[in-house]
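These figures come from a predicted structure and were not determined experimentally. Order of the sequence lines sets the chain letters (A, B, ...), proteins ahead of strands, with each chain counted from 1.
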Amino acid sequence: MSKRGLAIVGIGEVPTLRNPERTRWDILLDVCMEAVRDAGIDKNRIGAVISNNPMAQPGMQNDMSLGKIPEVMGLEGCRDIAICNAGGASTTNCLRLAEQHIDSGQVDFVLIPHTTVQSDIPPQDLINFFATAPLDKQFEYPYGVTFNGSMGLITQRYMYETGATEEELAAVTVALRAWGALDPLSIFYGKPITLDDVMNSRMISTPLKAKECNLLADGGGAMVVTSRDIAKEMGDKAVYKLGHGTRFMSATPMLREDVFHRQSYRESSQDALSQAGLSIHDMDLRQIYGAYPYTQCSALEGYGVCEEGQGAKLWAEGRCGPGGDIPCTTMGDATGRGHTGSGVSMAFYLDTVRQLRGQAGERQVQNCEHAILTTSGGSVMNTCTTVFGRAIK
Amino acid sequence: MSDYKKPLPEIQPYSQAFWDGTKQHKLLIQHCNSCDSNIFYPRRDCPKCWSQDMGWIEASGKAQVYTYSVTLEGVEQKFVEDLPIILAWIDLPEGIRMHTNLVECEPEDVHIGMEVEVVFRDVTDEITLPYFRPVKA
Ligand SMILES: [Zn+2]
């Protein structure tokens, strides 16, 4: 069977909020129905449901793993289901598994959903979950390390090696929040912040301040994907996957030689771009899911957008935020959007679709024809880079 | 000492020697006798060559701070009494990097490249955790 290629033809998403009244299943059903309606297909043409594994949501994980979605939604054409878990990179793996179903020729449309509610989980339980899930139980956890602490360690070293200042890194968060302030789907919609707001926020794990750390929130999204040929018949709504590359580093940050993931960003993006037959300079938008500000800098260095150590300057000069000439991460990253666990990557794909369709409202990147997107899971264990376009070359 | 409420290391059969070592206030590093590499953290098999011919060497206990971060909040309740916690990655001359806490110093005294040395704390009757402190000039 020849490869049929992948295109995203339907999207659905709910605003990122903290509202325990909105249940996991409410979110799930809303986003799935919206994505199917957006694709404009009959629900029974969905041939598979590949779910993004929601972290810290054991009940929902069971429902998604064991087939509740097609049953509850009456997806009569569904041939199989699966759940993918690679932390923040889960959505990337959903897309890859969906592509395999589509390439088989036996399935035309795949539904990829995500849902997460964190606002009904006690804060201490969430701290415990996010402290223990990605960390080594023997050589990290007994020392009081948290996700923020782990990323604080890397950020401190990044500043030491590059000379980036706390103000320059704070500018990353200001820009991400500026994108979020323009996005009705962000928990920070209408709430931009200043450099002083970031610099004066409480210190959490040096050099990371409260505004640079993530606010855990609720959200969800879904995509309908299909083959390139079918997508071409569906008109302007289609966004095409043109190339893909990945690199794995390590589960445990301290074991990483590529401590800022530059090499990993470089190699995964080169693989994706060469498959697409494009260069990094052909990209109109760079979407980086790193969840902490230094990644927004080191990714640009790895992609080859700038020299090593110059990433923070681009953000500080305002070139990556709204109105800048190198728009990056219009989705806002977890910092500018609210952190929905593994759902952040879902939101990144959906935002990329909106940009390429010209549906990104006040955040719209002009003439957005190509976008590069990197997701990562765990404590940045990997970089999964995909190039999307609004047409096939 | 039995009132220690913080998480203890989840010891594996192949890391038992490391923790037996700390109890005797020795810092042991796993060593592969086949490919001669030093390994951290301890594994059942050598991650480089899959040999099971693994031994232990005693580290000098000296190290350098590769990076650090002072945590002021956002920890589990059981760690709150320790705040501020100075997290650090330290490089040992034996070619390995460890995660630790820096102790017996103030946050403002810490810098990248600082020379440190191991110090052992017997946190329970069974478990001794290795920490690092500045080398006194
Ligand atoms: Zn070996």
Side-chain angles (χ1 to χ4, degrees), chain A residues 122-132 134-163 166 201-210 212-216 250-257 259-260 292 294 379, chain B residues 4 6-12 14-16 18-19 22 39-43 47 65-91 96-103 107-108 110-113 121 123-124 127-132:
Chain A
Q124 278 289 321
D125 289 359
L126 282 173
I127 291 174
N128 174 268
F129 178 81
F130 285 100
T132 53
L135 297 177
D136 190 86
K137 307 302 174 293
Q138 205 170 184
F139 293 100
E140 290 184 317
Y141 188 40
Y143 294 99
V145 63
T146 61
F147 230 115
N148 293 332
S150 213
M151 296 297 124
L153 285 159
I154 301 176
T155 306
Q156 189 82 261
R157 183 74 194 188
Y158 180 82
M159 291 169 57
Y160 174 81
E161 286 193 24
T162 64
E166 285 190 43
S201 63
R202 300 178 336 272
M203 190 62 86
I204 304 293
S205 286
T206 59
L208 295 175
K209 298 153 196 78
E212 297 174 301
C213 298
N214 293 297
L215 175 65
L216 296 174
S250 68
T252 311
M254 68 179 165
L255 298 182
R256 223 166 273 158
E257 282 174 38
V259 65
F260 313 121
Y292 285 87
Y294 78 90
S379 305
Chain B
Y4 190 78
K6 283 170 277 189
L8 294 167
E10 290 180 14
I11 298 174
Q12 309 293 321
Y14 34 90
S15 62
Q16 186 64 51
F18 178 90
W19 298 107
T22 59
I39 299 155
F40 189 81
Y41 47 88
R43 326 276 165 98
V65 174
Y66 174 79
T67 189
Y68 68 95
S69 176
V70 182
T71 290
L72 298 160
E73 62 174 89
V75 295
E76 289 179 81
Q77 196 59 41
K78 50 203 168 202
F79 282 105
V80 166
E81 62 179 10
D82 293 350
L83 294 174
I85 297 171
I86 310 175
L87 305 172
W89 291 354
I90 48 126
D91 285 340
I96 62 164
R97 181 169 296 159
M98 287 179 72
H99 184 99
T100 193
N101 294 156
L102 299 180
V103 297
E108 52 273 23
V110 178
H111 59 91
I112 289 175
R121 287 190 177 173
V123 298
T124 68
I127 297 293
T128 298
L129 290 175
Y131 294 88
F132 284 77

Problem - Atom pair CG/CZ of L129(B) and F139(A) - distance to nearest 0.5 Å - result: 10.0 Å
Exercise for the section: With rounding to the nearest 0.5 Å, note down the distance linking CG in L8(B) to NZ in K137(A). Expected result: 14.5 Å
Completion exercise
Residue from G152(A), G144(A), P123(A) scoring the most non-hydrogen pairs under 4.5 Å with chain B is G144(A)
Completion exercise
What one should report as the nearest heavy-atom pair of E10(B) and Q138(A) is O-CD, 3.4 Å
Practice task
Output the option from I112(B), I96(B), T100(B), D82(B) having the highest count of non-hydrogen pairs under 4.5 Å with chain A.
Solution key: I112(B)
Handout entry: Side-chain (T206(A)) to main-chain (V70(B)) donor-acceptor, under 3.5 angstrom
Key = yes
Fill in the blank from the handout: With chain A, the option among F18(B), Y41(B), Y66(B) that has the most non-hydrogen atom pairs under 4.5 Å is Y66(B)
Problem - Pairwise distance CD1(I204(A)) to CG(L72(B)) - rounded to 0.5 angstrom - result: 8.0 Å
Handout entry: Max heavy-atom pair count under 4.5 Å with chain A, selected residue of P42(B), P130(B), A88(B), P7(B)
Key = P7(B)
Handout entry: Atom CD of E108(B): over 12 foreign heavy atoms under 6.0 Å
Key = yes
Handout entry: Closest approach of T67(B) to R157(A) (non-hydrogen atoms, all atoms of both residues)
Key = OG1-N, 3.3 Å
Problem - Residue part contacting chain B, namely of E257(A), when any heavy atom lies under 4.5 Å - result: neither
Problem - Segment of T155(A) engaging chain B (4.5 angstrom heavy-atom cut-off) - result: neither
Problem - chain A contact via L87(B) - side chain, backbone, both or neither, heavy atoms under 4.5 Å - result: both
Practice task
Return yes if a side-chain donor-acceptor contact under 3.5 Å exists between Y141(A) and E76(B), otherwise no.
Solution key: yes
Exercise for the section: Taking Q124(A) for its side chain and Q77(B) for its backbone only, find out whether a donor-acceptor pair lies under 3.5 Å. Expected result: yes
Practice task
Apply the side chain to side chain contact (heavy atoms under 4.5 Å, CB included) test between H99(B) and each candidate in D136(A), T252(A), L153(A), L255(A); give the one that qualifies.
Solution key: L153(A)
Problem - Part of N148(A) within contact of chain B (heavy atom distance under 4.5 Å) - result: neither
Problem - Contacting region of F40(B) [heavy-atom separation from chain A under 4.5 Å] - result: both
Handout entry: Shortest non-hydrogen contact from R97(B) toward M254(A)
Key = CD-O, 3.5 Å
Handout entry: Partner chain A: residue of Y131(B), W89(B), W19(B), F79(B) with the largest heavy-atom pair count (under 4.5 Å)
Key = W89(B)
Fill in the blank from the handout: Greatest number of non-hydrogen atom pairs under 4.5 angstrom with chain B, of L208(A), V259(A), D125(A), V145(A), falls to V145(A)
